[in-house]
Amino acid sequence: MRKKILKKYVALFTILLMLMTTGPLTTLAKPSNNSNLEPPTTGFEDSNGEQWTTHEEELAFLEEVAEMSERVSYSQIGETVEGRPLHLVRVGFPEPPSDEEIADGRNILIIGSQHGNEPAGREMALKLLRNLAFTDDPELLEQLEDATVLFVPTANPDGRVANTRQNAAGVDINRDHLNLEQPEIQAIAKVQNKFHPDITIDAHERPRDTGDPDIEMLWARNLNVDEQLQELNVEMVEDYLMPDVREAGYTTDLYGSPGGAGGGDERIARNMVGLRHGLGLLIETPGKAEPTSRVAMHLETVESALRFYHERFDDVGTVVAGAPERKAVAGADTSNPFYLDGADNWDPTVVLEKQPSGYLLTEAQSVEISKYVELFSLETEAVDGDGVFITMNQPMMTVVPFLLDERATYNEVNGLALYDDSEVGTAANMKSLVEHYQDENAFTNDSDVRTLLMHLTAVDRFEKKEAADKVVKHMNSFNMLLDHQKDNDLIAEPAYNALKTYADYLINKWEVAAFDSNNAMDHLSYLSEDIGPRVTGTDAEEQAATYIKDEFASLGYDVSTQAFAIRGDQESQNVIAVKKPKDAENTEIVYVTAHYDSVPGSPGANDNGSGTSTLLELARVMKDVPTNKEIRFVAFGAEEIGLVGSRYYVSQLSQAEKDRSVANFNLDMVGTDWEPASQLYISPVDGEPNQVWESSKAAAEKLGLDDDKLFLYPFGRSDHVPFYEAGIDSALFIWREPGTGNFEPYYHSPQDTIEHVSPEKIQVVGDLIHSAVSDLASQPASNDNSQEDLLEKAS
C-alpha cells in the first residue's frame, strides 16, 4: 500500500512539473483549464483492474481531480463508525454552483458501494466524476450547466476497507434509510433532504452471480410512491435504459423477486428515493464477473441514465416537482388507503384502508423523533399542552405512518392516529375519534358510544372554560367507562387502546403541576446552609449562581449567565432562564425575579434565599404551562450593594424588548416565620395599581385568599425598581407587619437562618405567583402595552 501511495504522489509531482513545460501530451480528455495534462487515474485503473482503489488512493484521487478541474468541488458530509470521511462531490459547468443554488436548481445523485463488498459501483462513480470533470462533449457540458451531478463515491468506506457487506457496526446500511440509525445513512439523508435529486442512482452488485443477465435494474416499488412519478420511473427503466444498454451488448433483467429483495421495503434506498419524490435506479452487476467488465456495465448504465435525463429533462422536472404537492393533497383525504407493506408486483397484506389525518404525539415522543423531523423535513404543529400533531397533509406523508403508526413494522414511536385534524388535542377532537371507531364497528352497543360522546361533550365545555380540575375529574371518569366496556367485551381492543391513550393525554395536558414549598425548602437549605453567606463578588455568590443555572438547565430551559463588573476588579452575574411560547416570535414578556446574594455575615435564608428558592420552584411547575407570552425567570446578583444586577440586566434590554415587556413580579423576603408579618405587601414603586397588582388580586380571588391578605403599598428598595424606571409594570412581593410595615427582626443579621423561614408562607406566595403569571402569560398578546389597556384586559 505504501508503494501505491508513493506512486500517486510521484504522479502528482510529475503533473506539477508538466505545468511548467509546453510540450504536448497524449490525453484521455482535456482538463477544464485547457492545459494538456492527463487527468488523474484511480488505483483500479493504475493496476489495470487487478486491484480495487484503496481508501487512501480515493482521497488522493478526489483531491487531484478537484485541484485540476474547475468543474469539481467536494466536501466531507459526515464520517463512518470508524471515523473515515464520507464525501459529497459536486460536478457542474463551468463550475459547481453553491449548495444553495444546487438545492434551488436541478441535480442527479449517484451513490456508490453501500455494500462494502460490492466495489464496482464505487469505481464507476470515481471514473465518471473524473470523465465529467474533463470532458469536451458539448451535450455533457450543456447538461452539467443545467443540472449538477452529485456523487457519494463510497457510501460505506469501513465496509469497503474490510470488504464486508455491512458497515463497521455490522449493519446493512441499505436497510437503514427509514430509521436512520447509522452515521453513513444520516449523512446521505442530509444530502437527499437538502438537494432533492431528480434522479438517484444506487450502484450495487450480486456477489454470487457470474452474469446472465449482465445488468439488473429496478425502480421504487413501494405502493405509497406518487403514481405519476412511478410511471415515469418504470418508463425510464423498461423503455429507455434496458434497450439502450442491450444495444451496447449487455443482457438485462429486473432485479429481485416478489416479496424478496425486489419488494417495497420502505427501508431500502431505491424505495426511499421514491418516497422522497425522486426517480430511482438500482443497478446490480454480477460480482463474479471480470472486474473491469463489472465497472463497464455500471458505467454504461449510468451514462444511459444521464442521456435519459438530458433528453427528458423537462418531463422529469415537471413530474418530480409536482409529486410533493400531489402526495400532500392525497394525505389530506382520509378516504385514501396507506400501504404498510406490499409492492407494485405483489398484493399488500397490511393496509390502512382509511388513512389517518395525522398523528398526535406527546412532547416526549416528539423529542424522540426530532431526528426524523429534521432529516425528512416533516411539518409539525404544536398542540396546546404536552404534544405535537404531525399531519398527513404534507409532502412527506409518505413516511409518516411508517415512522409513527403502531401497525407499521419499523415504526419509531406509537403515535395516536387521528382522523380529524380540527381542534387536535381536545375533547372535541376526541369525539371524532369515537365516531371513527363507531364507523369501524368497534363497539357492541350504540348506547355505549352515546355515553362516551355525552361525557366528552361535557369535557369540551369545561375545556373552553379552562376549568382544569373538572376536565381531569371527568376524563378520569371517562377512563373508568372505557375500562368497563373493555372488561365486558363491549369495545374492540384497538379502539380501547387509542381512546385510553387520548384520555391519558388530555389528563396529562390539564393536570396542573402544583407548587410545592418542600422543594423550595430543599433549595433554601443548599443556598443558606451548604453555601451560607453569598456576599456579592465572592466565590460563594458564584457558587450559588452555578447552582441556580444547573437547576434551570435540568428543567430544560434555555439558560444563560450575564456577567457584569462591580467594585474594583470583581464580577457578579445574573442567571436567566427563558420559556418561549411555541410557534410564536417577538411575543410580550413577563419577568419573575429574585436576588440570590446576601449581606456579609448573614446566611440570607429569608433575604433572599426564600425568593430565589421560590423562583426555582416556580420555574419547575411552569415549565409545561402553555403560554402566549415569553416568561423570563431571572436571578439577580449584587442586589445588596445597590440593585446592581437588576440595573445592569434592564440596561441591556433592547428598546424592542422593553416595548414587549408587560410585567415584573419580584420576590424578596417571601418566607419569614415572624408571626406579626402576616400581610403580603405588593409594592409598586409608586404604590399605584398596575398589571402586577391586578393579576395578583385576580389570582388571590381564584385561590380563595382572605381579602386583607394582600396590601398595595409603595416601596422602592428592591429589584423591581429598574423595571419601573424603564416603564415596565412591576412590583415587589414581601411579607410585612400590617399597619407598621415592619420587616422581621432577623433582617440582615446572622439570625436570618432557615429555622426562621415558613414553608407555609412560601406556599402562599408560590401559589399566588403561579396562578397570576400563568393566567397573564396565557392571555392573547395586546396590541398596546399601555397600562390602561393591560389593566382593562386583566379585569
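Heads up: numbering here begins at 1 and tracks the sequence.
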Report task. For the pair F665 and F723, evaluate ring pair (Phe, Tyr, Trp, His ring centres under 6.0 Å) and give the outcome as yes or no after the intermediate values. Result -> CA-CA 10 Å; F665 296 72; F723 290 89; over 10 Å; no
Query raised in the report: What are the two closest non-hydrogen atoms of S683 and P714, and how far apart are they?
Result: CB-C, 4.5 Å
**Report entry** Electrostatic pair E374:K371 at N-O distance under 4.0 angstrom
**Finding:** no
Report task. Please test D460 against K464 for salt bridge (charged side-chain N to carboxylate O under 4.0 Å, His left out), starting from the C-alpha separation and ending with a verdict. Result -> CA-CA 6 Å; D460 179 42; K464 287 180 169 60; 2.6 Å; yes
Report task. Using distance alone, with no hydrogens and no angle criterion, decide if S422 and D420 have a side-chain donor and acceptor under 3.5 Å apart. Result -> yes
Query raised in the report: Between the side chains of D333 and S335, is a donor N or O closer than 3.5 angstrom to an acceptor N or O?
Result: yes
**Report entry** Aromatic plane relationship, Y502 with Y505 - under 30° parallel, 30 to 60° tilted, over 60° perpendicular
**Finding:** perpendicular
Report task. Evaluate the side-chain proximity of W735 to S758: yes if any heavy-atom separation is below 4.5 Å, no if none is. Result -> no
Query raised in the report: Parallel, tilted or perpendicular: which describes the rings of Y649 and Y591, with under 30° parallel and over 60° perpendicular?
Result: perpendicular
Query raised in the report: Are N479 and D504 linked by a side-chain donor-acceptor pair shorter than 3.5 Å?
Result: yes
**Report entry** Minimum heavy-atom distance A503-F478, with the two atoms named
**Finding:** CB-CD2, 4.0 Å
Query - Heavy atoms from other residues, nucleotides or ligands near CD of E675 exceed 12 (cutoff 6.0 Å) - result: no
Query raised in the report: Should L527 and S613 be marked as a side chain to side chain contact (heavy atoms under 4.5 Å, CB included) after you check the CA-CA gap, both sets of side-chain angles, and the distance that decides it?
Result: CA-CA 8 Å; L527 292 169; S613 300; 3.9 Å; yes
Query raised in the report: Salt bridge between D558 and K580, side-chain N to carboxylate O under 4.0 Å?
Result: no
Query raised in the report: Does any N or O in the side chain of Y557 come within less than 3.5 Å of the main-chain N or O of A619, such that one atom is a donor and the other an acceptor?
Result: yes
**Report entry** Side-chain donor or acceptor of S774 paired with backbone N/O of S771 under 3.5 Å
**Finding:** no
Query - Test item: F552 and L616 side chains (from C-beta on) under 4.5 Å apart, heavy atoms - result: yes
Requested in this report: Flag the pair M622 / F633 as yes when at least one side-chain heavy-atom distance between them is below 4.5 Å, and no otherwise.
Outcome: yes
Query raised in the report: How about Y496 and Y437: are their ring centres within less than 6.0 Å of each other?
Result: no
**Report entry** Check against side chain to side chain contact (heavy atoms under 4.5 Å, CB included), L705 and D767
**Finding:** CA-CA 11 Å; L705 293 180; D767 287 340; over 6 Å; no
Query raised in the report: Taking the side chain as C-beta and beyond, is there a heavy-atom pair between P581 and N628 under 4.5 Å?
Result: no
Report task. Enter the distance from L416:CG to Y359:OH here, rounded to the nearest 0.5 Å. Result -> 10.0 Å
Report task. Please confirm whether the backbone N or O of A700 pairs with a side-chain atom of K709, one donor and one acceptor, at under 3.5 Å? Result -> no
Query raised in the report: When you measure from the side chain of S432 to the backbone N and O of A428, does any donor-acceptor pair fall under 3.5 Å?
Result: no
Report summary line: Minimal heavy-atom distance between T451 and L481, with the atoms involved, is CG2-CD1, 3.8 Å
Query - Basic-acidic side-chain contact under 4.0 Å: E363, K623 - result: no
Query - OG1-NZ distance between T426 and K509, expressed to the nearest 0.5 angstrom - result: 6.5 Å
Query raised in the report: Considering only heavy atoms from C-beta outward, does the side chain of T672 approach that of H756 to under 4.5 Å?
Result: no
Report task. Please examine the side chains of D668 and D719, heavy atoms only from C-beta on, and report whether any two atoms are closer than 4.5 Å. Result -> no
Requested in this report: Of all the heavy-atom pairs spanning R620 and A514, show the shortest one and how long it is.
Outcome: NH2-O, 3.0 Å
Query raised in the report: Between the side chain of N690 and the main-chain N/O of V692, is any donor-acceptor distance below 3.5 Å?
Result: yes
**Report entry** Heavy-atom neighbours of K354 NZ exceed 12 at 6.0 Å
**Finding:** yes
Report task. For D405 and A417, work out which heavy atoms get closest and say how close. Result -> OD2-CB, 4.4 Å
Report task. Verify side chain to side chain contact (heavy atoms under 4.5 Å, CB included) between Y419 and E435, making sure each step is shown before the conclusion. Result -> CA-CA 10 Å; Y419 300 86; E435 290 164 350; over 6 Å; no
Query raised in the report: Okay, side chain of Q763, backbone of S517: is any donor-acceptor separation there less than 3.5 Å?
Result: yes
Query raised in the report: Where the side chain of T334 meets the backbone of Q355, is there a donor-acceptor pair that is under 3.5 Å apart?
Result: no
**Report entry** Pair D446 + R450, salt bridge at N-O below 4.0 Å
**Finding:** no
Requested in this report: Drop me the distance from F515's CZ to H770's NE2, to the nearest 0.5 angstrom.
Outcome: 9.5 Å
Query raised in the report: Which value, rounded to the nearest 0.5 Å, describes the distance between I762 atom CD1 and N519 atom CG?
Result: 11.0 Å
**Report entry** Heavy-atom closest pair, residues A495 and A442
**Finding:** CB-CB, 3.7 Å
Query raised in the report: So do L710 and L768 actually touch side chain to side chain, heavy atoms under 4.5 Å?
Result: yes
Query - CG on N608 to OG on S718, rounded to 0.5 Å - result: 7.0 Å
Query raised in the report: More than 12 heavy atoms of other residues, nucleotides or ligands under 6.0 Å from NZ of K697: is that the case?
Result: no
Requested in this report: Please indicate whether D707 has more than 12 foreign heavy atoms, meaning atoms of other residues, nucleotides or ligands, lying under 6.0 Å from its CG.
Outcome: no
Requested in this report: Could you tell me whether E725 atom CD has more than 12 heavy atoms of other residues or ligands within 6.0 Å of it?
Outcome: yes
Query raised in the report: Just by distance, do the side chain of K629 and the backbone of L776 share a donor-acceptor pair under 3.5 Å?
Result: yes
Query raised in the report: With a 4.5 Å heavy-atom cut-off, do T587 and T627 have their side chains touching?
Result: no
Report task. Using a cut-off of 6.0 Å, state whether more than 12 heavy atoms not belonging to E701 lie near its atom CD. Result -> no
Requested in this report: Let me see the working for D729 and V662 under side chain to side chain contact (heavy atoms under 4.5 Å, CB included), right down to the final yes or no.
Outcome: CA-CA 6 Å; D729 281 8; V662 296; over 6 Å; no
Query raised in the report: Short question: side chain of N606, backbone of G671 - any donor-acceptor pair under 3.5 Å?
Result: yes
Report task. For the residue pair Q655 and D659, confirm or rule out a side-chain donor-acceptor distance under 3.5 Å. Result -> yes
Query raised in the report: Donor-acceptor pair, E463 side chain versus A427 backbone, under 3.5 Å?
Result: yes
Requested in this report: Please state whether the rings of Y526 and Y547 are parallel, tilted or perpendicular, taking 30° and 60° as the class boundaries.
Outcome: parallel
Requested in this report: Could you tell me whether the side chains of T593 and N664 share a donor-acceptor contact shorter than 3.5 Å?
Outcome: yes
Report task. Measure the spacing between CZ of F636 and OH of Y596 and express it to the nearest 0.5 Å. Result -> 10.5 Å
Query - Within 45° cone and under 6.0 Å: R736 NZ/CZ vs F715 ring - result: yes
